[in-house]
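All remarks here apply to the structure that follows.
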Amino acid sequence: MKLKEQLELYFVMGSVNCDRDPREVLTEALEGGVTMFQFREKGEPCLEGEAKLELAKDLQKICQQFSVPFIVNDDVELALLLNADGVHVGQEDDDIEEVRRRIGTKLLGVSAHNVEEAKRAIALGADYLGVGPMFLTTTKADIRKVEGPNVLKKIRTAGITIPLVGIGGIKLNNASEVIQAGADGIAVISAISRVPGTARKMSNLLRARHDPEFVE
Ligand SMILES: Nc1nc(C(F)(F)F)ncc1COP(=O)(O)OP(=O)(O)O
Ligand SMILES: [Mg+2]
């Protein structure tokens, strides 16, 4: 499956984003059609050390049962220890070039907030870009200014063809806007982790656009 297809419904989650066992939340999300998963154990009070490692191992195993890529946010050491499928780093995380050197051919996702950051990330070896925040979100405390889906249009207009996924406040009622603006997929945290059934509804919405009878 091509990376653009794998990025279609990208569930990002950690224990902080769950009101119940993250293992159950992930299993239901994968049954609902999630195509890629990112373990993002961040915020208050997030797990650390052995507890974080144990949860990561369990969630990775569940992803393997569904043949869905397991990506680790920020923590390159953990990604290498688990032989994860890739890592996602932001502009303020470890140096992108250094991360690429350490992970070899694993997937490297990089956050980008504008065309300039997108071009730089691509030059340094990114396989896909996470672009946001698309909409207001309370999940990430230190978000940049909300530029909206328009940033995706600007990146595409700049001739950038790399796989793009939008992130930040994406819900069922605004997901289409992100795709229409040029993203290959959407990255979702709370809408899926806190509302059972959302993954299936989003998956159906996203798949419908490949349906010949589909009218926007
Ligand atoms: N975690 C992310 N995942 C994506 C995804 F690719 F999934 F869309 N895009 C963007 C981010 C944000 O990454 P970053 O800016 O380092 O902040 P944090 O480490 O707090 O998430
Ligand atoms: Mg980060």
Side-chain angles (χ1 to χ4, degrees), residues 3-17 26 29 34-44 46-48 52 56 59 63 68-79 84-96 98-100 102-103 106-114 116-118 120-122 124-149 151-152 155 160 162-171 174-175 178-179 181-193 199 202 206:
L3 181 53
K4 288 198 173 196
E5 291 159 9
Q6 287 178 312
L7 284 169
E8 187 169 70
L9 184 53
Y10 192 173
F11 182 32
V12 178
M13 175 268 274
S15 62
V16 173
N17 314 111
L26 177 57
V34 155
T35 52
M36 186 175 274
F37 175 70
Q38 179 188 132
F39 179 56
R40 178 176 181 273
E41 190 59 20
K42 206 156 183 178
E44 286 304 318
C46 66
L47 301 175
E48 299 189 334
K52 176 178 173 183
L59 299 182
C63 285
V68 165
F70 175 82
I71 307 295
V72 175
N73 183 52
D74 285 355
D75 192 340
V76 178
E77 269 319 296
L78 178 62
D85 297 295
V87 295
H88 187 94
V89 292
Q91 294 292 324
E92 286 81 36
D93 293 314
D94 294 350
D95 174 72
I96 297 166
E98 165 69 10
V99 172
R100 170 51 81 200
R102 290 170 66 193
I103 67 170
K106 289 182 183 301
L107 277 177
L108 173 57
V110 178
S111 304
H113 307 85
N114 52 53
E116 185 209 342
E117 286 182 3
R120 179 175 168 273
I122 293 163
L124 297 176
D127 293 306
Y128 75 81
L129 302 179
V131 182
M134 292 288 108
F135 309 105
L136 258 187
T137 173
T138 51
T139 301
K140 179 172 164 57
D142 55 334
I143 52 164
R144 302 270 199 91
K145 185 169 159 298
V146 176
E147 304 283 356
V151 180
L152 291 163
I155 291 173
I160 293 172
I162 194 174
L164 296 181
V165 59
I167 188 168
I170 300 177
K171 311 255 177 280
N174 62 26
V178 176
I179 300 297
D184 298 290
I186 53 174
V188 180
I189 306 185
S190 308
I192 291 178
S193 72
M202 283 186 166
L206 290 160

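We're numbering straight along the sequence, starting at 1. Counting starts at 1 for both ligands and their atoms, in listed order.
For atom 21 (O) of ligand 1, the nearest non-hydrogen atom of the protein is Arg40 NE, 2.7 Å. Protein heavy atom at the shortest distance from atom 12 (C) of ligand 1 is Ser111 OG, 3.2 Å. The protein heavy-atom contact nearest to atom 1 (N) of ligand 1 is Gln38 OE1, 3.0 Å.
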Test log, rule side-chain contact (heavy atoms from CB on, under 4.5 Å), inputs Val76 and Glu98: CA-CA 10 Å; Val76 178; Glu98 165 69 10; over 6 Å; no
Apply side-chain contact (heavy atoms from CB on, under 4.5 Å) to Ile167 and Lys140, showing your working. CA-CA 11 Å; Ile167 188 168; Lys140 179 172 164 57; over 6 Å; no
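For atom 8 (F) of ligand 1, the candidate residues are Ala187, Ala183, Gly14; the nearest heavy-atom contact is made by Ala187.
Within the listing of ligand 1, atoms 7 (F) sit less than 4.0 angstrom from a heavy atom of Val12. The contact set between ligand 1 and Ile167, taken as ligand atoms under 4.0 Å from a residue heavy atom, comprises 3 (N), 4 (C), 8 (F), 9 (N), 10 (C). Heavy-atom contacts of Tyr128 reach the following atoms of ligand 1: 6 (F) (cutoff under 4.0 Å). Taking a cut-off of under 4.0 Å to the non-hydrogen atoms of Gly90, the atoms of ligand 1 that pass are 14 (P), 15 (O), 16 (O). In summary, the atoms of ligand 1 found under 4.0 Å from a heavy atom of Tyr10, numbered by their order in the structure, are 5 (C), 6 (F), 7 (F). Heavy-atom proximity to Asp74, at under 4.0 Å, picks out these atoms of ligand 1: 16 (O), 19 (O). Each of the following atoms of ligand 1 lies closer than 4.0 Å to a heavy atom of Lys42: 18 (P), 19 (O), 20 (O). Atoms of ligand 1 lying under 4.0 Å from at least one heavy atom of Asp93, given by number and element, are 16 (O).
Looking at Glu92 against ligand 1, nothing comes within 4.0 Å, counting heavy atoms. Only side-chain heavy atoms of Lys140 come within less than 4.0 Å of ligand 1; its backbone N, CA, C and O stay farther off.
By the 30° and 60° cut-offs, the orientation of the rings of Phe70 relative to Phe39 is parallel.
Only protein N, O or S atoms were considered, and those under 2.8 Å from the Mg ion (ligand 2) are Asp74 OD1, Asp93 OD2.
Atoms CG and CG, on Asp94 and Asp74 in that order, are 8.0 Å from each other to the nearest 0.5 Å. The line from CD1 of Ile179 to CG of Leu206 is 5.0 Å long, rounded to the nearest 0.5 Å. Between the CD1 atom in Ile96 and the CZ atom in Arg120 there is a gap of 4.5 Å [rounded to 0.5 Å].
Residue Asp142 places no N or O, backbone or side chain, under 3.5 Å from any N or O of ligand 1.
With sequence neighbours excluded, no residue satisfies salt bridge (charged side-chain N to carboxylate O under 4.0 Å, His left out) with Asp95.
Salt bridge Arg100/Asp127: present, at least one basic N to carboxylate O contact under 4.0 Å.
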